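Below, chains carry the letters A, B, ... as their sequence lines are ordered, and counting in each starts from 1. If you're wondering where the values come from, they're calculated on a predicted model, not measured in any experiment.
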2 protein chains.
Amino acid sequence: MMHMKTGVEQSVYAILLLNMLPNKAVLPCEAISQLLSTSPTYFQKLLRKLVNADLITSVPGVKGGFKLTKRPENICVYDIYQAIEGQKSLYSSSGILGDMLELKQEESCCLLTGLMDEAEYAWKLVMKRETIAALAEKMKEQPFRLKTEELQRWVQEKMVA
Amino acid sequence: MMHMKTGVEQSVYAILLLNMLPNKAVLPCEAISQLLSTSPTYFQKLLRKLVNADLITSVPGVKGGFKLTKRPENICVYDIYQAIEGQKSLYSSSGILGDMLELKQEESCCLLTGLMDEAEYAWKLVMKRETIAALAEKMKEQPFRLKTEELQRWVQEKMVA
DNA sequence: GTACTTTTACTCGGATACCGTCTGTCCGAGTAATTATGG
DNA sequence: CCATAATTACTCGGACAGACGGTATCCGAGTAAAAGTAC
């Protein structure tokens with residue numbers, strides 16, 4: 001129903017978790033997926049997309065796992081969205097007008113494309129504003145503060161190296 | 001992949017067609033779907049949604065069909081989008097943060113909802129700007145003008161009453 | 001010619017099927033730290 | 001003790017199954033204009 005996949009939300013929280021790691025430490029997929037109550041094997045594929053987008057780094061082998069590639073100030077919600085959902089537009093013309101008017105292929109002729117692109121741009125602009133650093137700050141505020149500290153301890157416990 | 005359905009685009013063009021009708025005249029579903037190269041029986045269900053949204057009116061019986069309910073200046077692209085896609089948000093939290101922090105149900109606790117709502121608002125705002133009247137004007141401009149006049153004649157031919 | 005019936009051409013709405021995408025699962029392969037083994 | 005081999009715990013990536021939503025198809029029902037029929 002034109003809905004954002006849950007993978008985006010999961011990825012955001014995964015990155016917020018990785019942001020709690022001390023330098024050089026990593027968190028294995030298994031631990032994260034357990035906290036997010038999702039399937040480890042599928043969640044790995046999401047992490048893979050984040051790796052491909054150069055948002056996180058993967059370390060193979062025993063004591064392996066994932067960690068952030070960049071500073072949290074340099075990761076915005078849109079980056080994560082794009083990594084998971086790809087760069088396809090929300091709208092792309094099916095060429096109906098072209099068929100209706102029997103135009104040649106080379107004449108691009110959608111009355112909506114320009115408008116929709118603009119709308120999508122406005123939408124993405126808002127997602128580019130919010131960074132992981134800002135979200136992490138919000139987690140430290142009330143009423144999440146206590147629980148977030150608890151979460152920090154959980155991360156310390158599950159992390160390796 | 002988080003993509004707008006083609007039904008929205010088809011509906012926009014259908015309404016542009018209905019906008020070409022003289023007063024009191026209607027256009028049957030069969031004719032429209034034929035022009036849009038889509039399945040008549042399914043397209044009827046789209047038209048039904050537009051009727052429910054009070055954008056168009058249906059006339060049953062022989063010489064029946066569909067026509068606009070409002071003036072084209074009072075129909076915007078967003079109205080059509082909403083009629084087809086419903087009013088569900090692009091994003092809705094799956095409550096992951098709540099689970100992670102083990103919060104109670106009543107504490108709404110999604111870090112993304114506020115941001116995403118704002119983004120969606122910006123997106124819809126652009127779609128609310130463009131009216132059917134404006135799109136119809138664009139069709140009368142070059143390089144569509146000649147073909148649009150041809151389309152007008154086609155509508156005259158297929159309309160009833 | 002008028003009243004009534006039948007036909008016809010539409011809309012209405014439910015049931016169902018197909019297909020692509022998202023999610024979930026399984027498996028074999030790669031990698032590197034740890035442990036075991038042999039001298 | 002040191003070098004090498006085996007084990008272990010991860011990531012990597014492909015293949016495949018299940019669920020779900022959008023699209024498409026079929027059917028019977030409702031509705032009203034047109035056509036046919038009876039008197």
Novice: Hey, does A:Val160 reach any base, or is it just sugar-phosphate, or nothing, if we go heavy atoms under 4.0 Å?
Specialist: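 Result for A:Val160 = nothing.
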Novice: In whole angstroms, how far is the P atom of D:dG21 from the NE2 atom of B:His3?
Specialist: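 Between P of D:dG21 and NE2 of B:His3: 19 Å.
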Novice: Could you give the distance from OG (A:Ser11) to CD1 (A:Ile84), rounded to the nearest 0.5 Å?
Specialist: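 Here the interatomic distance stands at 3.0 Å.
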Novice: What's in the same ILVMFWY side-chain cluster as B:Tyr121, cut-off under 4.5 Å, chained through other members?
Specialist: B:Leu125
Novice: What is the nucleic acid contact for A:Val51, judged by heavy atoms within less than 4.0 Å: base, sugar-phosphate only, or nothing?
Specialist: nothing
Novice: Tell me every residue that passes salt bridge (charged side-chain N to carboxylate O under 4.0 Å, His left out) with B:Glu150, counting only those two or more places apart in sequence or in another chain.
Specialist: none
Novice: Going by side-chain contact (heavy atoms from CB on, under 4.5 Å), name the residues that satisfy it together with B:Pro72, two or more places apart in sequence or in a different chain.
Specialist: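 Only B:Asn19, B:Ile132, B:Ala133 meet the side-chain contact (heavy atoms from CB on, under 4.5 Å) criterion with B:Pro72.
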Novice: Could you list, one pair per line, each protein nitrogen or oxygen that sits under 3.5 Å from a nitrogen or oxygen of nucleotides 22-28 of chain D, together with the distance?
Specialist:
{"from": "D:dG22", "atom 1": "OP1", "to": "A:Met1", "atom 2": "N", "distance (Å)": "3.1"}
{"from": "D:dG22", "atom 1": "OP1", "to": "B:Lys5", "atom 2": "NZ", "distance (Å)": "3.4"}
{"from": "D:dT23", "atom 1": "OP1", "to": "B:Thr6", "atom 2": "N", "distance (Å)": "3.1"}
{"from": "D:dT23", "atom 1": "OP1", "to": "B:Thr6", "atom 2": "OG1", "distance (Å)": "3.0"}
{"from": "D:dT23", "atom 1": "OP2", "to": "B:Tyr42", "atom 2": "OH", "distance (Å)": "2.7"}
{"from": "D:dA24", "atom 1": "OP2", "to": "B:Thr38", "atom 2": "OG1", "distance (Å)": "3.3"}

Novice: Hey, is the side chain of B:Arg48 poking within less than 4.0 Å of OP1 or OP2 on C:dT11, counting only N and O atoms?
Specialist: no
Novice: Can you give me the bend angle of the helix from C:dG1-D:dC39 to C:dG39-D:dC1? Use the axis through the first five pairs and the one through the last five, nearest 10 degrees.
Specialist: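 Here the local axes at opposite ends form an angle of 30°.
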Novice: Strictly by salt bridge (Lys or Arg N to Asp or Glu O under 4.0 Å), give each pair with a member in residues 64-73 of chain B just once, sequence neighbours left out.
Specialist: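 Counting only pairs at least two positions apart or across chains, the salt bridge (Lys or Arg N to Asp or Glu O under 4.0 Å) contacts touching residues 64-73 of chain B are B:Arg71-B:Glu73.
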Novice: Would you confirm whether A:Ser39, through its side chain, and A:Tyr42, through its main-chain N or O, come within 3.5 Å as a donor-acceptor pair?
Specialist: yes
Novice: Can you give each donor-acceptor pair under 3.5 Å made by side-chain atoms of residues 154-161 of chain B, sequence neighbours left out, with the distance rounded to 0.1 Å?
Specialist:
none

Novice: Walk along nucleotides 2-8 of chain D from 5' to 3' and tag each nucleotide B, S or - by protein heavy-atom contact under 4.0 Å, base first, then sugar-phosphate.
Specialist: ------B
Novice: Taking only heavy atoms on the protein side, list every residue of residues 15-35 of chain A lying under 4.0 Å from any atom of DNA chain D, sorted numerically.
Specialist: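 Listed by number, they are A:Pro28, A:Cys29.
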Novice: In whole angstroms, how far is the C1' atom of C:dC12 from the NZ atom of B:Lys49?
Specialist: 15 Å
Novice: Linking Ile, Leu, Val, Met, Phe, Trp and Tyr by side-chain heavy atoms under 4.5 Å, what else ends up with B:Met1?
Specialist: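 The other cluster members (ILVMFWY side chains, heavy atoms under 4.5 Å, direct or chained): none.
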Novice: Distance check, rounded to the nearest 0.5 Å: A:Tyr13 atom OH versus A:Leu18 atom CG?
Specialist: 15.0 Å
Novice: Report, as yes or no, whether the 6.0 Å neighbourhood of atom CD on B:Glu141 holds more than 12 heavy atoms from other residues, nucleotides or ligands.
Specialist: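 Yes.
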Novice: Closer than 4.0 Å, any side-chain N/O of A:Lys63 to the OP1 or OP2 of C:dT34?
Specialist: yes
Novice: With sequence neighbours left out, what residues match A:Glu30 under salt bridge (charged side-chain N to carboxylate O under 4.0 Å, His left out)?
Specialist: none
Novice: Assign the ring pair A:Trp123 / B:Trp123 to parallel, tilted or perpendicular, where the plane angle (0 to 90°) is split at 30° and 60°.
Specialist: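 Tilted.
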Novice: Atom CG of B:Leu50 and atom C1' of C:dC12: how far apart are they, to the nearest Å?
Specialist: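 Value for this atom pair: 15 Å.
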Novice: I need the CG-C1' distance between B:Leu47 and C:dC12, as an integer number of Å.
Specialist: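 In whole Å, C:dC12 C1' and B:Leu47 CG are 12 Å from each other.
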Novice: Kindly state each residue pair satisfying salt bridge (Lys or Arg N to Asp or Glu O under 4.0 Å) with at least one member in residues 124-133 of chain A, sequence neighbours excluded.
Specialist: A:Glu120-A:Lys124, A:Arg129-B:Glu118, A:Glu130-A:Lys138
